[in-house]
Amino acid sequence: MAVRGAAQRIQTELMSWPHVEAHPHRFGGTEYRIGKRELGHIHGDHLVDIPFPTKVRNEVIAAGQAQPHHVLPDSGWVSLVLREAADVDRAIELFRRSFDLAVKQKGLALEQARS
């Protein structure tokens, strides 16, 4: 099951954030990056994968916001299957969390990154 237009909605939102670039993902779909740091990627309108530090990944899974990665369940990656519009909203929230971590990690000014 997929949410029609999910990939476009996510891309429109992420591309409005500073420093974010879209690139083809090596396993299909589109990945979003700040420089070389991947924020996550989307496979069509049905699946989002996002990397987090293990502690954050565990929090996200414990809160029921995503599942362990569909291929690498013991990694820091999470997967979110897009079944309904609320899942797209949650995916954007998780991408935002990944974005905020990347901005902090790269030392970019948060005020500049949120403008």
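Treat the numbers as computed from the prediction; the structure is a model and nothing was measured. Keep in mind that the numbers below use all heavy atoms, side chains included, and drop hydrogens, waters and symmetry copies. Note that the numbering runs from 1 along the sequence shown for the chain.
- Inter-residue side-chain proximity for His25 and His23 is flagged as unmet; no heavy-atom pair is nearer than 4.5 Å.
- The closest donor-acceptor contact from the side chain of Asn58 to the backbone of Lys55 lies at 3.5 Å or more, if one exists at all.
- Checking His41 against Glu31 by side-chain atom types alone, no donor-acceptor pair falls below 3.5 Å.
- Residues Leu80 and Gln67 share a closest heavy-atom pair of CA-OE1, 3.8 Å.
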Check against side-chain contact (heavy atoms from CB on, under 4.5 Å), Ser98 and Glu93
CA-CA 9 Å; Ser98 180; Glu93 290 170 9; over 6 Å; no

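- Two residues are said to be in side-chain contact when any heavy atoms from C-beta on lie closer than 4.5 Å; Phe95 and Tyr32 meet this criterion.
- Comment: Asp74 does not engage Arg57 in a salt bridge, judged by the lack of any side-chain N to carboxylate O separation of less than 4.0 angstrom.
- Looking at Val20 and Met15, their side chains come closer than 4.5 Å, going by heavy atoms from C-beta outward.
- Looking at Thr30 and Gln11, their side chains come closer than 4.5 Å, going by heavy atoms from C-beta outward.
- Within the 4.5 Å cutoff, side-chain heavy atoms of Pro53 are placed close to those of Leu101.
- The pair Lys104-Asp100 does not count as a salt bridge, with every side-chain nitrogen at least 4.0 angstrom from each carboxylate oxygen.
- Here the CG atom belonging to Leu82 is positioned 6.0 Å from the CG atom belonging to Asp87, to the nearest 0.5 angstrom.
- Between atom CZ of residue Arg83 and atom CG of residue Leu47 there is a gap of 10.0 Å, rounded to the nearest 0.5 Å.
- Formation of a donor-acceptor pair under 3.5 Å by the Asp45 side chain with backbone atoms of Ala2 is not found in this model.
- Ion pairing of Arg97 with Glu59 is present here, as a side-chain N (NZ or NE/NH1/NH2) and a carboxylate O approach within less than 4.0 Å.
- Put simply, the side chain of Leu39 does not reach to within 4.5 Å of the side chain of Ile50, judged on heavy atoms.
- No side-chain heavy atom of His69 sits less than 4.5 Å from a side-chain heavy atom of Val78.
- Between Glu13 and Ser16, the shortest heavy-atom contact is O-OG, 2.6 Å.
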Report the C-alpha distance between His46 and Val81 in whole Å, list the side-chain angles of each, state the deciding distance to 0.1 Å, and finish with yes or no for side-chain contact (heavy atoms from CB on, under 4.5 Å).
CA-CA 6 Å; His46 66 279; Val81 177; 5.6 Å; no

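- Taking the six-membered ring where the residue is Trp, Trp17 and Phe99 present tilted rings, their angle falling between 30° and 60°.
- No donor-acceptor distance shorter than 3.5 angstrom exists from the side chain of His43 to the backbone of Val48, with no hydrogens or angles considered.
- Contact record, Ala66 with Ser79: CB-O, 3.4 Å, taken as the closest heavy-atom pair.
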Evaluate the side-chain contact (heavy atoms from CB on, under 4.5 Å) criterion for residues Ile10 and Ile92: first the C-alpha distance (whole Å), next the side-chain angles of each, then the deciding distance (0.1 Å), finally the verdict.
CA-CA 6 Å; Ile10 290 169; Ile92 291 169; 4.0 Å; yes

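- The side-chain heavy atoms of Gln65 and Leu94, taken from C-beta on, include a pair separated by under 4.5 Å.
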